[in-house]
Structures are given as structure tokens and as C-alpha cells.
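Chain letters run A, B, ... following the sequence lines, proteins first and then strands; every chain starts at 1.
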Number of protein chains: 2
Amino acid sequence: MATDRESVLLAAVGLLSRQPTAAMDELARAAGISRATLHRLFPGREALIHEIGALALARMEAALDAATIDEGDPVAAVRRLADALIPHAQLVAFISGESRLFDDDAINDAWDRVDARVAALFLRGQQSGAFRIELPASWLSEAFFDLLAGVGWAVQDGRLAHRESNRALTELFLGGAVRRDQPGSAD
Amino acid sequence: MATDRESVLLAAVGLLSRQPTAAMDELARAAGISRATLHRLFPGREALIHEIGALALARMEAALDAATIDEGDPVAAVRRLADALIPHAQLVAFISGESRLFDDDAINDAWDRVDARVAALFLRGQQSGAFRIELPASWLSEAFFDLLAGVGWAVQDGRLAHRESNRALTELFLGGAVRRDQPGSAD
DNA sequence: ATCAACTGAGACAGTTCTGTCTCATGAGAA
DNA sequence: TTCTCATGAGACAGAACTGTCTCAGTTGAT
């Protein structure tokens with residue numbers, strides 16, 4: 001059925017994120033193809049994981065481009081970023097959990113690049129007075145990805161409706177859990 | 001060296017969280033013991049994982065007890081909870097990533113119990129007006145654990161100093177990223 | 001010094017996974 | 001229809017992992 005490489009990769013992510021030790025057999029079945037075809041598409045488990053990483057980072061970089069996060073109000077930029085990244089939250093969740101076990105330099109470089117771009121957004125926001133300066137920009141960046149991954153899990157497991165995911169992410173990340181009376185920026 | 005069961009479990013967590021497919025061979029080496037001794041301590045990989053889950057949840061329940069989160073100001077309770085849980089952030093990170101693949105009902109029940117207690121704290125805070133009501137308490141609970149796990153990764157990888165971890169977690173979670181002039185509650 | 005208990009190293013068979021191969025089937029193009 | 005091409009099913013050997021066992025060395029207590 002799903003013969004194109006991308007849908008196979010996405011199916012693999014769906015299984016691997018829940019069952020990291022899944023065998024090629026199961027990965028093939030999850031994608032609806034045979035083990036032979038899976039091997040024809042990807043010469044080995046390592047290559048499969050590697051391409052998942054490449055796909056995830058390509059989509060993240062594209063999302064960053066589309067969100068134009070280096071322009072305009074930083075808060076609005078974060079909302080655009082969430083919009084652009086949430087469709088790929090599952091991939092992000094996989095990557096951020098697995099990113100340290102990639103040997104490939106190209107993958108690690110791409111990840112650092114993505115992380116740096118997001119951190120630059122928060123640094124810019126801190127310098128413009130939009131974001132709090134008590135927390136390092138690198139931590140804001142990491143926390144954003146942590147929550148994005150969390151949203152991905154929650155949606156995948158049905159604990160969070162897809163259409164609520166953006167609000168859940170941005171409202172908590174931007175505004176925190178503590179109630180405050182006057183809105184810093186309305187929806 | 002590390003003959004007691006707990007240090008073996010903690011060493012295993014340290015490796016497994018980075019390399020979920022690690023073999024018993026590598027797990028033994030990570031704990032500084034031989035494969036034979038590892039098998040003497042835990043009859044098989046499944047038992048090992050199972051005991052990690054049991055240890056993690058036991059520590060989390062103990063932390064919840066110690067933090068007395070069902071008393072007093074909800075914001076202060078969250079700070080106490082962070083204090084009590086951060087020492088076990090690595091275990092929490094492992095559990096929250098791996099929790100769905102536990103077959104054991106006892107583990108799942110304990111996890112649900114922990115999650116319910118934390119969610120109850122947030123619900124209480126919402127009812128008392130301390131926390132925002134726009135976000136479901138269950139999501140606040142999940143996001144708190146996501147960020148706790150993220151802090152665990154960041155500390156383990158040296159991206160965050162241990163003594164800053166509490167502030168990083170609670171400030172972001174409670175106050176969000178957006179700057180606001182008047183403090184909702186001081187430290 | 002002697003003994004008991006524990007440990008590491010290594011060997012071992014059994015199982016599982018992997019990567020490759022062949023062959024038959026089915027879909028689609030000419 | 002006929003041909004081509006991709007696929008699935010299955011077989012296969014090799015590798016890796018697992019769980020168990022034996023044996024020798026070390027530690028610590030008596």
C-alpha cells in the first residue's frame with residue numbers, strides 16, 4: 001500500500017516512538033509492506049533511522065522558514081512557529097528523544113542549526129523586552145521543544161484533541177500556569 | 001563495584017534512556033558489573049525494566065508524599081513538588097517516555113495514581129483561582145512532567161546546571177516565557 | 001589459616017533478528 | 001493479450017542476543 005518512502009518513515013516513527021526495540025519485521029507490518037520491500041527501500045535498520053532523522057530535520061527547517069520567526073513580534077513568531085511545527089510534532093518528539101544517538105554529523109549539525117535558530121528567536125525576544133530574561137534563551141528553546149514533543153504524545157495517545165494542541169502549547173509556554181488578570185497579548 | 005540493586009537500576013536507566021536497544025552486555029558494563037551478576041540480580045531484561053519502573057514510581061510517590069501537594073498555596077505546592085521530583089528527573093524522563101510499553105498493570109496503575117494526584121493539585125489550583133482555567137488540569141499535569149523530563153535531559157547532558165534546574169522548571173512552568181511586570185508570587 | 005559467599009570470565013546451546021535470495025503473483029502499460 | 005515491473009511470501013545462512021552453566025579468583029568473617 002504505502003509504497004512511497006515518506007509514509008513508510010512516518011509509520012516507522014509511529015511504532016518506534018512507542019517501541020524502540022521493534023524489529024524490522026514489525027516496522028514493515030506497521031507500514032503495510034513486506035519485510036523484503038522494506039529492505040529494498042532502506043538497506044538496513046540504521047539507514048531507516050537515519051532517514052527518519054533527515055526527514056524530521058528537513059521538515060523542521062522548512063517549518064522554521066515558513067514561520068519567518070526572525071521577523072516581527074516575538075510572541076507572534078512563537079505562535080507561528082507552533083503552527084508550523086505541530087503537524088510534525090510526532091517527528092520532533094522522536095528526534096528530541098533520539099537525537100543524541102545519531103552518529104551522523106550532518107544530522108547533528110542540522111539539529112544544532114534548528115536549535116540555534118529557535119534560540120535566536122528567544123534571545124531576540126528577550127532583548128526586545130518581550131520575553132523574560134531570568135531564563136536563558138537556550139532553555140526556553142529546549143523547553144519549547146519538550147512541550148512540543150509532549151503535545152505530540154498527547155495527541156497521538158488521544159489525550160489531547162488535535163485542534164487544541166496549538167493553544168495548549170502556546171498558552172502554557174508563553175503564559176505559564178499561574179493566572180494573571182491582564183492579558184499580555186490576546187489570542 | 002555497584003552491587004546493590006538500586007545503583008544497577010540507575011546505571012541502566014542512564015544508558016537505556018539514551019540507547020533503548022542496549023543489550024544486557026552493555027547494561028552490565030554500564031553498571032560496572034559482569035553480565036553473569038546482572039542476570040543473578042535480575043532474571044532477564046524484562047525483569048530489569050520492570051524494576052526500573054517500580055523504582056521510578058516508588059520514588060515519585062514518595063516525592064509526592066514528601067511535598068504535601070494537597071495542602072496550602074498551590075503555587076508553593078508546585079515548587080515543593082519540583083524540589084522533590086527533580087532529584088529523580090532522570091527516572092521520570094525514562095518512565096514518561098517508556099510508560100506506555102509497560103504490560104504490568106501494577107505499573108500502569110501506579111502511574112495513573114501519580115498522574116491523578118498531580119492533576120488534582122492543578123485542579124485545586126484552578127478552583128482556588130491560582131491557576132489559569134483555560135488549560136485542562138490534565139494537560140498542566142502532563143506538561144509539568146514533560147518539562148521535568150526535559151530538565152532531566154538537560155542536566156544529564158550538561159546543558160543546564162543542577163542547581164538551576166528547579167528555577168528553570170518552575171519559573172517557566174508557572175510564569176511562562178512572556179515577561180510581565182508585577183509578580184504573581186515571589187520566590 | 002580456613003571457609004563461605006560472591007564475583008568475573010568464558011563457554012554453551014537456543015532463540016531471535018538480519019540481510020539476501022528466489023520465485024510466483026498481481027497490477028498496469030503497450 | 002502480452003510484457004514489464006514491483007511486490008509478497010518464504011527460505012536461507014550468518015550474526016547477535018539471551019539465559020544458563022562451570023570454574024577460578026577475591027573478599028571477608030571466623
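- The NE2 atom of B:His39 sits 14 Å away from the C1' atom of C:dG14 (whole-angstrom rounding).
- We find that B:Glu6 and B:Arg59 are joined by a salt bridge, their nearest charged nitrogen and carboxylate oxygen being less than 4.0 Å apart.
- Going from atom CD of A:Glu26 over to atom P of C:dT18 covers 9 Å, rounded to whole Å.
- Ion pair A:Arg79/A:Asp73 not flagged as a salt bridge, since none of the NZ, NE, NH1 or NH2 atoms sits closer than 4.0 Å to an Asp/Glu carboxylate oxygen.
- Taking atom CZ of B:Phe42 as the reference point, atom P of D:dT20 lies 15 Å away to the nearest angstrom.
- Between A:Trp111 and A:Phe145, the angle of the ring planes lies from 30° to 60°, which puts this pair in the tilted group.
- In this structure, A:Arg45 does not reach the C:dC17 phosphate: none of its side-chain N or O atoms is under 4.0 Å from OP1 or OP2.
- Taking atom CZ of B:Arg29 as the reference point, atom P of C:dA9 lies 10 Å away to the nearest angstrom.
- In this structure, B:Leu38 and A:Ala22 both approach DNA chain C, and ranking their closest nucleotides by distance from the 5' end singles out B:Leu38.
- C:dT7 atom C1' lies 6 Å from atom CZ of B:Arg40, rounded to whole Å.
- Rounded to an integer number of Å, the gap from B:Met24 CE to C:dT15 C1' is 15 Å.
- Relative ring orientation between A:Phe144 and A:Phe173 is described as perpendicular, the plane-to-plane angle rising above 60° on a 0-90° scale split at 30° and 60°.
- Put simply, CG on A:Asp25 is 11 Å from P on D:dA9, counting in whole angstrom units.
- One interatomic measurement links the two molecules: CZ of B:Arg35 to P of C:dG10, which rounds to 12 Å at whole-angstrom precision.
- For B:Ala23, taking side-chain heavy atoms from C-beta onward, the closest of the listed nucleotides D:dG8, D:dC17, C:dA9 is D:dC17.
- Put simply, A:Thr37 has a side-chain N or O that comes within less than 4.0 Å of OP1 or OP2 on D:dG8.
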